Amino acid sequence: DLPFAELIWNDQVKNHFWLPLDTRITMDVFYERLHPDDREATRRAVEDSNQNKRHYDIVYRTTNPADPSQIKFIRAVGWTDFDEKGEPKRFDGLTLDITQDRLAQSELQTAKTLAESASVAKSEFLANMSHEIRTPLGAILGFIDLLKANEATNEEKALYFDTIARNGSALRQIVDDILDLAKVESGKLEIEEIPVAFYSTLQETVQLLQERAKQKGIYLLLNIDDSVPSQLRTDPTRVRQVVLNLVGNAVKFTVEGGVKVRVRAENPDRGRVKIIIVVEDTGIGIDPEKRKRLFSPFAQADNSTTRRYGGTGLGLALSQRLAKALGGTIEIQEQSSPGATFAFAFEAGESVEAPKLETRKKGPPASVASFADLRILIVDDSPDNRALVSRVLAKTGASIEQASNGREAVEQALSNDFSLILMDVQMPEMDGYDATRALRSRHYMKPIVALSAHAMKEDAARSLAAGCDAHLTKPISQTDLFDAIAKLTKRLT
């Protein structure tokens, strides 16, 4: 032990050690205020300095006895003065509170670690997304080549077209998931609350996955408890989206056994009802250590899962955020048997109002034959898009003309008598917004329909603000296109 009975500290050093200013300082007091993990190393440094007649320069932590979670980082420099006989006569030292520096270093290290993790996640995501996009794209291009060879039978052609359509839908789903996730993250996703035939919504949603389950030889069961109201007020599109993802995942990761979907309600007497949808499977299960990754965008439990089962890793992240937007949650429940169990809970309003039935027919409107007297200008910088829309409308008998940018569109529209303009919004020279504004400023009153690959709600609002009468999102549905034309040209019957 050092032979110093008492230490003389100024007020600042006492503050470093959380000590009242009138405290009598001894070596015991000094060590007591050190963090337990730093005491022995500090003791050795001080004693080594005294024995070997050299200074020490160390960093230790001091703790507040009233709240041990409060810590200061102290840099201490000390040395011993000796008399002519070599005996220690005085110990001097300096202390500096470097807590803020250490916190800043910790924050920088945390940021560095997060950045490195994000970089790895980005690389994994890009590799996975490339696979998920190229897989259906490869099928589409491959079957198109087979069709171009013109050697297929009618039966084979039907199969090829079905395959192309199925893979095209898969590509569109990937894009839709990315856009929906972007909407949620930016706070721009709007949730509606409308009357819903809830039983039918659940049954139709689960039915969409029955064929996939049947092909795998597993069961897919839906049980709706009597506590669940048949009519609710909620957003059916978002509820269906979450259920499809959870049940779709359960089917994908189950090889034997099957999937059970159980639905129940709580607190049905307050005008609001809590719906709990539990999806339980007998699949591969989820490692507890990997569960925290599941709800991160672009992540799955691990890369081996991605390689074996596919998927973008967007689904659960999006579903969790949609659940939150619906006022609910998604949780992974513990279960003793193999497999995984997810519980999706959300609040909905009880409804006595019957949902409006969807009466629109799938396909062209009944009055499509009346398009024969229409003259339509198609504006798009993509020759392929112009050719596609032209061929679609050619079947209706409409007269078609084309323009490749907004400037041409303005010139043609002002010098010809068109019934309607289909206006792409993103084009060189003059885009569709400026072209529409230019036409409206010259009192052009004929209908203008925006055609755009921009699918956000604000994109539609921007089109309408520029003067368009409607906004359709690419890839364009023939039904939506025909309906819009029929409505705006008063061809609906």
Side-chain angles (χ1 to χ4, degrees), residues 136-137 139-141 143-144 147-148 154 157-177 179 204 208 237 240 356-404 409 418-427 432 436 446-457 459-460 463-464 468-493:
L137 184 59
I140 292 170
L141 296 176
F143 279 99
I144 288 175
L147 287 170
K148 287 166 64 177
N154 289 336
K157 288 180 180 178
L159 174 63
Y160 297 168
F161 285 127
D162 287 344
T163 303
I164 291 170
R166 184 173 63 254
N167 282 276
S169 296
L171 277 177
R172 182 169 59 185
Q173 185 60 55
I174 292 173
V175 174
D176 286 346
D177 282 350
L179 291 176
E204 291 170 2
L208 289 173
T237 300
R240 187 182 297 111
K356 293 181 180 179
L357 297 177
E358 179 63 66
T359 57
R360 189 180 71 178
K361 295 180 181 179
K362 300 299 181 182
S367 59
V368 72
S370 64
F371 284 15
D373 65 336
L374 296 183
R375 190 180 182 192
I376 298 175
L377 174 63
I378 301 173
V379 187
D380 200 308
D381 61 319
S382 167
D384 291 339
N385 286 340
R386 294 199 305 271
L388 174 62
V389 178
S390 295
R391 286 182 177 275
V392 168
L393 291 177
K395 296 184 297 184
T396 71
S399 174
I400 307 299
E401 294 191 31
Q402 300 181 15
S404 61
F418 293 111
S419 308
L420 177 137
I421 299 176
L422 298 176
M423 181 79 76
D424 183 30
V425 297
Q426 187 167 313
M427 297 179 291
T436 301
K446 294 297 180 67
I448 301 176
V449 178
L451 304 182
S452 174
H454 297 292
M456 299 291 194
K457 187 172 183 178
D459 296 318
S463 297
L464 298 178
C468 294
D469 298 279
H471 178 101
L472 298 180
T473 301
K474 298 176 181 178
I476 305 297
S477 158
Q478 287 192 34
T479 299
D480 292 340
L481 177 62
F482 290 149
D483 282 352
I485 294 173
K487 178 180 178 181
L488 292 171
T489 58
K490 298 180 172 56
R491 260 54 177 186
L492 287 177
T493 55

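Numbers here simply count residues along the sequence, with the first being 1. Remember, predicted model here, so these are calculated numbers, not experimental data.
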Can you name the closest pair of heavy atoms from G432 and M423 and give their distance?
CA-CG, 3.7 Å
Provide the closest heavy-atom pair for M427 versus S404 in the form atom of the first, atom of the second, distance.
SD-O, 4.2 Å
Please work out which of the three classes, parallel, tilted or perpendicular, describes the rings of Y160 and F143, given edges at 30° and 60°.
tilted
Applying side chain to side chain contact (heavy atoms under 4.5 Å, CB included), name anything that partners R375, two or more places apart in sequence or on another chain.
S399, E401, N416, F418, S419
Could you state the interatomic distance from OG1 (T479) to CG (D483), rounded to the nearest 0.5 Å?
6.5 Å
Which atom names give the shortest non-hydrogen contact between S463 and H471, and what distance separates them?
OG-ND1, 2.7 Å
For L377 and A403, work out which heavy atoms get closest and say how close.
CD1-N, 4.1 Å
Pairwise distance CG(L451) to CG(L472) - rounded to 0.5 angstrom
6.0 Å
Is the shortest side-chain heavy-atom distance between I140 and L171 below 4.5 Å?
yes
Output for pair (I378 CD1, I421 CD1), nearest 0.5 Å, gives 11.5 Å
Name all residues meeting the side chain to side chain contact (heavy atoms under 4.5 Å, CB included) criterion together with N385; count only those two or more places apart in sequence or in a different chain, and write none if there are none.
D380, S382, K474
Starting at CD1 of I485, measure out to CG of L422 and round the result to the nearest 0.5 Å.
5.0 Å
Salt bridge (charged side-chain N to carboxylate O under 4.0 Å, His left out) against D381, all qualifying residues, sequence neighbours excluded
none
Ignoring hydrogens, what is the shortest heavy-atom contact between S452 and D424? Give both atom names and the distance.
CA-OD1, 4.5 Å
Could you work out, with side chain to side chain contact (heavy atoms under 4.5 Å, CB included) as the rule, every residue matching A470, not counting sequence neighbours?
V449, L488
With sequence neighbours excluded, what pairs up with K157 under the side chain to side chain contact (heavy atoms under 4.5 Å, CB included) test?
L147, N150, A152, N154, F161
For residues 161-172, pull every pair meeting side-chain hydrogen bond (donor to acceptor under 3.5 Å, both in side chains), keeping only residues two or more places apart or in separate chains.
none
Rounded at 0.5 Å granularity, tell me how far CG in L374 sits from CG in L393.
9.0 Å
Could you give the distance from OG1 (T473) to CG (D480), rounded to the nearest 0.5 Å?
9.0 Å
